[in-house]
Colleague: 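My questions all concern the structure below.
All values below come from the heavy atoms of this structure, side chains included, with hydrogens, waters and symmetry mates left out. Predicted, not measured: the structure shown is a model, and the values here were computed from it.
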Amino acid sequence: MQKMENYTFIVVGGGIAGVSCVEGLEFLCPDKQVLLLTASPLVKATTNIIHLSKTLCQFDVKELKAEAFADTHPMVSVIQDTVTSIDSVEHTVSTSQGKCFKYEKLCICTGGSPKLIGEENPYILGIRDTESVEEFQNRIKEARRIVVVGNGGIATELVHEVEGVEIIWSIKDKHISATFVDPGAAEFFQTKLMKGGDKEIAEKSSVVKRMQFTLEGSSNLKDAPRGAALGPDWHSNFNIHGSYTSRTKVTVEYETEVKDITHRTDSTDVCGESWPVYVQLTNGKTYGCDFIVSATGVVPNSSLFEKNEGLALAEDGGIKVNWKMESSLPDIFAAGDVCTASWDCAAHWFQMRLWTQARQMGMYAAKSMAGSLAGEEVLQDFCFELFSHVTRFFGYKVVLLGLFNGQTLNRQYEVLLRITKDTEYIKLVMKDGKMQGAVLIGETDLEEMCENLILNQLDLSAYGEDLLNPNIDIEDYFD
């Protein structure tokens, strides 16, 4: 048996949450040894951080080889290995290579796993990490048609970015990108969905400045350990072009789900063509395709910890954490997609498993762990006061603030809209004259004002629709 190694802090998972936690611990406790255990040879770190407002933060995600990350963080040890068990009584972590590590404080950041529409089906691919995107890249080269199932961020980006292939987009909602936007914003995106020259213009106006690395020797992806979640602009370093030279054709099938998947070689689809696999939808249509992309969200990657007695899991499978990111077991914390916020959340904050929240949770978990070690009380971070997220869809900057789709308001709200075709889409969610949320698409420069108005809960009844009057600089009212 190998000699047990002792560390003050151990973080499990090399994704955004795990790496953010490690960097926070290194900053707060520079004299303590930190161990990062990652199943992937790559870790994901945030860079080029730009604070757009108090809670809204824009950043890039770079992939680093584990040893390169360790070289730049002298108090951090990085080991590529898979955790097999955690002993909360002895404060030890065991791995698949037979190693055992002792900790004082442990943070679980194992992320989420793709929620596939069919298990063990060679024609179904879930996109979640760099490894699965590499497999997608290899498959798309010879593809004529693919079926994309799902309506979240990855599905939206995929449908927009893939070229040279016919796409059947199956969504269960009445409009595209329903996870993030309302029908009005979906209509605003519609021109970009149809591809064409506008897409080229949008791409030229949004230069991506990211260093990215791909896995070496990862041919057997099925048996390889899953890596960390994709960050923003995950598609920028991959050739995702199909076998057609013509522009992409997208067919959206609304309010439908996958009913059945068959592999009959003697079948034909609605167009009379023969395909390797056929997807039957609940609306009665059947499409043949080369393969299916399952982009239907993630489930917390917490199955390893189900056998840990006393570790409370939420209904969605996530590790329950309190406002300090503490689990139900002493000295064990959790952050990112693997955890479920189980405290009384602020009125304008809720959990979505996004890379922005993974970073926030990881950094705050580090603060809580350091405070716990020193016996000091910590206060909850201000980022948990307001939901905030910035991303890009169809070439547009998209800012989501507060209850941006009226979440928790039980439809008891009104909406103020300002739309400039192909330029901007602004939606303000109002209740009792106070702003509750906002959707800002395009270069609106309104994010800081909206954030302040949501947090301050000022009565805006007197301003009415002038809040969105382009001829009035509304920020002057609130300086």
Side-chain angles (χ1 to χ4, degrees), residues 12-18 38-40 42 44 61 63 82 108-140 143 146-159 161-162 167-173 177-180 214-215 218 220-235 238 240 257-258 261 277 279 289-306 313-319 336-340 351-355 357-358 391:
V12 181
I16 295 174
T38 172
S40 170
L42 298 177
K44 293 190 183 294
V61 173
E63 294 177 331
T82 303
I108 300 171
C109 304
T110 48
S113 302
K115 188 165 53 178
L116 298 180
I117 56 175
E119 298 291 340
E120 301 299 325
N121 189 316
Y123 292 102
I124 298 176
L125 175 63
I127 294 186
R128 170 65 181 169
D129 47 27
T130 305
E131 297 91 328
S132 58
V133 174
E134 284 192 337
E135 184 175 356
F136 175 78
Q137 180 181 236
N138 292 330
R139 290 196 189 191
I140 199 69
I146 63 174
V147 172
V148 177
V149 182
N151 203 15
I154 287 182
T156 298
E157 292 174 321
L158 192 72
V159 169
E161 294 297 333
V162 169
I167 299 175
I168 310 299
W169 191 5
S170 170
I171 63 177
K172 63 181 180 180
D173 308 290
S177 311
T179 302
F180 294 97
T214 52
L215 288 172
S218 54
N220 188 6
L221 292 170
K222 182 178 179 181
D223 299 324
R226 295 290 89 181
L230 296 169
D233 293 327
W234 57 269
H235 43 71
F238 294 93
I240 45 179
E257 298 182 60
V258 174
I261 297 173
V277 62
V279 179
C289 61
D290 292 293
F291 65 93
I292 304 156
V293 177
S294 178
T296 50
V298 300
V299 293
N301 193 14
S302 60
S303 57
L304 169 65
F305 314 107
E306 291 177 351
L313 300 180
E315 291 183 2
D316 62 3
I319 298 173
D337 289 358
V338 73
C339 78
T340 299
Q351 184 179 10
M352 285 185 75
R353 288 182 164 87
L354 304 167
W355 32 268
Q357 288 193 351
T391 185

Colleague: Are any non-hydrogen side-chain atoms of Val277 and Cys289 less than 4.5 angstrom apart?
Modeller: yes
Colleague: Side chain to side chain contact (heavy atoms under 4.5 Å, CB included) between Thr179 and Met352: does it pass, once the steps are laid out?
Modeller: CA-CA 10 Å; Thr179 302; Met352 285 185 75; 3.8 Å; yes
Colleague: In the structure I gave you, are the side-chain heavy atoms of Val162 and Ile167 within less than 4.5 Å of one another anywhere?
Modeller: yes
Colleague: Step by step, would you call Phe180 with Thr156 a side chain to side chain contact (heavy atoms under 4.5 Å, CB included)?
Modeller: CA-CA 10 Å; Phe180 294 97; Thr156 298; 5.8 Å; no
Colleague: Within the structure provided, determine whether Tyr123 and Ile261 are in side-chain contact (heavy-atom separation under 4.5 Å).
Modeller: no
Colleague: Decide yes or no for Thr110 and Phe305: does some side-chain heavy atom of the first lie under 4.5 Å from some side-chain heavy atom of the second?
Modeller: yes
Colleague: Using side-chain heavy atoms (C-beta onward) and a distance below 4.5 Å, is Val293 in contact with Val149?
Modeller: no
Colleague: Return the minimal non-hydrogen interatomic distance between Leu354 and Asp337, and the atom names on each side.
Modeller: N-OD1, 4.1 Å
Colleague: Take Leu313 and Glu306 through the test side chain to side chain contact (heavy atoms under 4.5 Å, CB included) and record every step on the way to the result.
Modeller: CA-CA 8 Å; Leu313 300 180; Glu306 291 177 351; 3.7 Å; yes
Colleague: Just to verify, which of Ile124, Val148, Val258, Val147 counts as forming a side chain to side chain contact (heavy atoms under 4.5 Å, CB included) with Ser294?
Modeller: Ile124
Colleague: Can you tell me how far the CD1 atom of Ile319 sits from the CD1 atom of Ile108, to the nearest 0.5 Å?
Modeller: 4.0 Å
Colleague: Measure the CD-CD1 distance between Glu161 and Ile154 for me, rounded to the nearest 0.5 Å.
Modeller: 13.0 Å
Colleague: Any non-hydrogen side-chain atom of Thr340 less than 4.5 Å from a side-chain atom of Arg353?
Modeller: yes
Colleague: Give the minimum heavy-atom separation between Gly336 and Gln351, together with the two atoms involved.
Modeller: O-NE2, 4.2 Å
